[in-house]
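Below is one structure, written out as structure tokens, with a few remarks after it.
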Amino acid sequence: MTLAALPHSSDAPLLFIQWAVGGIVYAASVMFVGVFIASHIVSHWQNQLEGHVTMQLITKQGAKQEQQKKDATEQDKQRILQLVRGTPAIAQAVWLEEEEVIRLLQPWLGSNIDIVQGISLPAVIDVTLKAQHALDPQPLRQTLSDWGYTLLIEEHNRWFSDNFAFLGRLKLFVATMMLLLTAVAALVVFFMVRVGVALHRETIDILCLVGARDAYIRKTLTRRFSFAAFRGGAFASILAALTLVGLGALHEHGLFWFQHAPTTEKQLLWGMMLIIPFIFVGVVALVTTLTTQRVLTRML
Amino acid sequence: MVRFENVSFGYVAEHAILRELSFELSVGTFHFLTGASGAGKSSLLKMIYMALVPSTGRLTLFNRYVHELKRHEKTSLRRRIGVVFQDFRLLSHLTVWENVALPLWVDPSQRGHAFEHAQEALQWADMGDYLERYPQTLSGGQQQRVAIVRAIINKPDLLIADEPTGNVDDKSTQRFFHLFEELHKQGTTVIVATHDSKLLQRYQHRILCLHDGTLTEQSQALFTPAPLDEPLP
């Protein structure tokens, strides 16, 4: 047989802790996993772009697309590619066909082919650089200039660094929010435990009177508050996991990165989406337990 | 067992409701504590079960100075004290059986036989048929019987009863005093606060009279019942 020294009924402080912790766990889980995925996406892009530059060749006469096409004969292409590939810092160079260039422009210009066809498209070469080699574009630029081309080199990491900076700030913001949410959880528990003790003061007095040690009362109350926090957190974590899995499923069907992510990364992300909310439950339950014990040590 | 030496107590420092009390309750004695309403009977009893601390003076319980006791030591001493209240103070979310088992349940060394002993004690108090009932479903007399059983389940050395018959009929009162007498015979020190003059006459025990914050002790032979809202002789 067992005996519950305090009433089982869900009183106001317990319900409040349950809902507050639920909200905190949900917000923290979604925020954390969201930033984790964003960080992964950016890292993935960075890995793809690292060591890559795009070279654009524009005919000096400023000719239109038709002219460029005519100029860029197969012979010219091979000659230019040979020159580019012969540059010391370049490991590989691939001439992008017009269809490929149009496909790359579609995210910015839309799928209306008429608009794209109205634009003078440059010849584009995707270049892979050798590791730990700095590209000196000057000799290449000079030779191509002699052949009647203006060379533009696009280094993706330069404009991508803004995204990294933003991501860094986002991570800092989320870390701050995590600390803030933990502090809010501790504060909610602190006040609710005080209210709870006041509410059960008579029962606690009787327990003291019949010889219950402080440790017993503390344990009983801590268990109640921790269980309420766990219950609220568990419910929120299931909800958060469902939300994240739903978002993940949308990514898988809609966004290119998740769709093409390597299987191991996909598994990692799915795992994160399922596990992170439950880790937050553990953290919040621990915060509740420690705060409750601390408050009760002072109050009893 | 209990010794008051010049003990004063007041909720407000300037206004002591108990002044310079000095008396002793020896092991195995039975005392009545009487006095008008508001004379400080409950405050005096609260000091004995350590719910209140004397403002001045020295209170000794079981040969220990209460002022010097740490919290866990007070808990240990409380396990040697049984307390019965006028308003029963039973926990409404627990059954009769659980209420009585509570003092044993909170003591890890006695938890194992808490329910077994509680059942035996309730049967002894003729409450065996009410084990699974909740206090609020019982009459005042039955609730007080449960409260008394809860107070004595630990076999306390000292039993304190604060107006135990205030909310019960004469038949129940006699029954409770029969229980108190039984415990007294077994060696328990008993102190009962009451302003029921019939009880004071019926049971031949020492009487402590509280009046105007001070205490006088009288033997039963010298006691003449008087209206308690008037000063005692």
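Proteins get letters first, then strands, A, B, ... in listed order; numbering begins at 1 in each.
The CZ atom of B:R79 sits 12.5 Å away from atom CG of A:L209, with the distance rounded to the nearest 0.5 Å. Going from atom CG of B:L102 over to atom CD1 of A:I206 covers 8.5 Å, rounded to the nearest 0.5 Å. The distance from atom SG of A:C208 to atom CE of B:M50, rounded to the nearest 0.5 Å, is 11.0 Å.
Other residues, nucleotides and ligands place more than 12 heavy atoms under 6.0 Å from the CZ atom of B:F177. Other residues, nucleotides and ligands contribute only 12 or fewer heavy atoms inside 6.0 Å of the CZ atom of A:R194. No more than 12 heavy atoms of other residues, nucleotides or ligands sit less than 6.0 Å from atom CZ of A:F16. At most 12 non-hydrogen atoms from other residues, nucleotides or ligands lie less than 6.0 angstrom from CD of A:E202. Other residues, nucleotides and ligands place no more than 12 heavy atoms under 6.0 Å from the CZ atom of A:F235.
Listed for the A:R213 side chain is no donor-acceptor partner under 3.5 Å among the backbone atoms of B:T75.
With a 4.5 Å cut-off on non-hydrogen atoms, B:R89 touches chain A through its backbone and its side chain both. Residue B:N99 does not touch chain A at all, counting heavy-atom pairs closer than 4.5 Å. In this structure, chain A has no heavy atom under 4.5 Å from any part of B:R80.
Your options are B:R111, B:R150, B:H72, B:R78, and the one with the most heavy-atom pairs under 4.5 Å with chain A is B:R78.
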Under 3.5 Å donor-acceptor pairs involving side-chain atoms of residues 53-66 of chain B, not counting sequence neighbours:
| residue | atom | partner | partner atom | Å |
| --- | --- | --- | --- | --- |
| B:S55 | OG | B:G10 | N | 3.2 |
| B:R58 | NH1 | B:Y65 | OH | 2.8 |
| B:R64 | NH2 | B:E73 | OE2 | 3.2 |

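Shown are B:V83, B:V106, B:N154; of these, the side-chain contact (heavy atoms from CB on, under 4.5 Å) with A:V210 is made only by B:V106.
Applying the side-chain hydrogen bond (donor to acceptor under 3.5 Å, both in side chains) test to residues at least two apart or on different chains, the pairs with a partner in residues 279-296 of chain A are A:S226-A:T289.
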